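Comments concern the structure below.
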Amino acid sequence: MKNEPWLTRPHKTKEVLQKYGFRFQKKFGQNFLLDPHVLDRIVAAADLSGDDLAIEIGPGIGTLTQYLCYHAGRVAAIEIDRNLFPILEETLSDWDNVEVIEGDVMKLDLESLIREKRGELTGVKIVANLPYYITTPILMKILEDNLPVDSVTVMVQEEVAGRMQALPGTPDFGALSLAVQYYAVPKIAAHVPPNCFVPRPNVGSSVITLSILPEDQRIPVRDADHMFRVIRASFGQRRKTLVNALRGAPGLSKKDGSAYAREEIEAALEELSLPSSIRGEKLSLEQFARLSDRLLDL
Ligand code: SAM
């Protein structure tokens, strides 16, 4: 019989924080979850089972961690703030399927960690209420490192979730949308108001699940790094036309190191049946892939 998570009873969270005289550290993006309904929504979106290893980034005082312990086979939780360790020792003491790992998620070798902790479990799912100051770098590290994970379910700022799920031609569409949608299928599972956290953040939040695409189901492209250089250049100067944004963009060049010329970019667009006046925000991921392949030949 498994223990029920108990930390979300509001008086318990306060009790724990007071007992340890815990001081929130702004620099670590500490906004702890209070609301059990939100925790239910997160674990439902993550679709955890006893066959899964759940990796949590930033367990805080262990509120979401308890839910992960309840629903997953095993949990590995990575926390940077040492002051939380004595608290986690108490709040997670009922569970024998969790390990708290001290470290900065940006510096850890996550692939080795997964290999080491996975054992006989079949699924690997990342689940977290992310520290908002490094949301995008954490997600890009997970995606670009091609980690062997099935999905990533995270609480992020509402506006960032919107950008991840945005489609071409909409105001939120940009380099983040394309990067996320190359590696995964994003789906917003819930919107969460500031009063579900302590302390309250200044902005609304969303839970989003990224279902990771196997490599053979991604948009085919000859050189993904080159495509992302084209994408970054296109959105680096958003108000320019694509031709002007790519012409002489820093970090983007032909094989011989020279910059792409206006006529070359216009010819590549014409081959894709796109007007030379088009802006990057109108192109789909597929069109960026074709454009990148064409430019690569020059
Ligand atoms: N999971 C807890 C919850 O939902 O109540 C806490 C979430 S809080 C938004 C973010 C957590 O990430 C904090 O515990 C913070 O100390 C931790 N954190 C911040 N930066 C980190 C980093 N670079 N590596 C690992 N953990 C980090």
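Because the structure is predicted, anything quoted here is derived from the model rather than measured. When a ligand or atom number is given, it counts from 1 through the structure's own listing order. Residue indices begin at 1 and follow the sequence shown.
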Using a 3.5 Å cut-off on N or O atoms only, is [X] in polar contact with ligand 1?
X      : result
Asn129 : yes
Thr63  : no
Asp81  : no
Val105 : yes
Leu33  : yes

Can you tell me if [atom1] on [X] sees more than 12 non-hydrogen neighbours from other groups inside 6.0 Å?
X      : atom1 : result
Lys141 : NZ    : yes
Asn202 : CG    : no
Glu270 : CD    : no

With backbone taken as N, CA, C and O and side chain as the heavy atoms from C-beta onward, which portion of [X] lies under 4.0 Å from ligand 1: side chain, backbone, both, or neither?
X      : result
Thr65  : neither
Ala128 : neither
Ile61  : neither
Met155 : neither
Tyr133 : side chain

Report task. Identify the heavy atoms of Ala190 and Arg41 that sit nearest to each other, and give their distance. Result -> CB-NH2, 3.6 Å
Query raised in the report: Can a non-hydrogen atom of Glu56 be found less than 4.0 Å from any atom of ligand 1?
Result: yes
Query raised in the report: Does even one non-hydrogen atom of Met106 get within less than 4.0 Å of ligand 1?
Result: no
Determine whether the side chains of [X] and [Y] contain a donor N or O and an acceptor N or O closer than 3.5 Å.
X      : Y      : answer
Asp172 : Thr170 : no
Asn244 : Arg262 : yes
Glu158 : Ser205 : no
Gln30  : Asp81  : yes
Ser211 : Ser151 : no
Glu144 : Tyr183 : no

Closer than 4.0 Å to some heavy atom of [X] - which atoms of ligand 1 meet that?
X      : answer
Ile78  : 25 (C), 26 (N)
Leu84  : 14 (O)
Gly103 : 24 (N), 25 (C)
Ile134 : 23 (N)
Asn31  : 7 (C), 8 (S), 9 (C)
Gln30  : 13 (C), 15 (C), 16 (O)
Leu130 : 9 (C)

Among protein heavy atoms, which lies nearest [atom], and at what distance?
atom                    : answer
atom 26 (N) of ligand 1 : Ile80 N, 3.4 Å
atom 19 (C) of ligand 1 : Phe28 O, 3.1 Å
atom 16 (O) of ligand 1 : Glu79 OE2, 2.6 Å
atom 23 (N) of ligand 1 : Asp104 OD1, 2.9 Å

Query raised in the report: According to the interplanar angle, ranging from 0 to 90°, do the rings of Phe235 and Phe288 count as parallel (below 30°), tilted (30 to 60°) or perpendicular (above 60°)?
Result: tilted
Query - Proximity of Tyr20 and Phe85 rings by center, below 6.0 Å - result: no
Query raised in the report: Do Phe228 and Tyr182 have their ring centres less than 6.0 Å from each other?
Result: yes
Query raised in the report: With the threshold set at 4.0 Å, does a side-chain nitrogen-carboxylate oxygen contact exist between Arg290 and Glu271?
Result: no
Query raised in the report: Quick one: which of Gly60, Gly29, Gly58 has a heavy atom closest to atom 1 (N) of ligand 1?
Result: Gly58
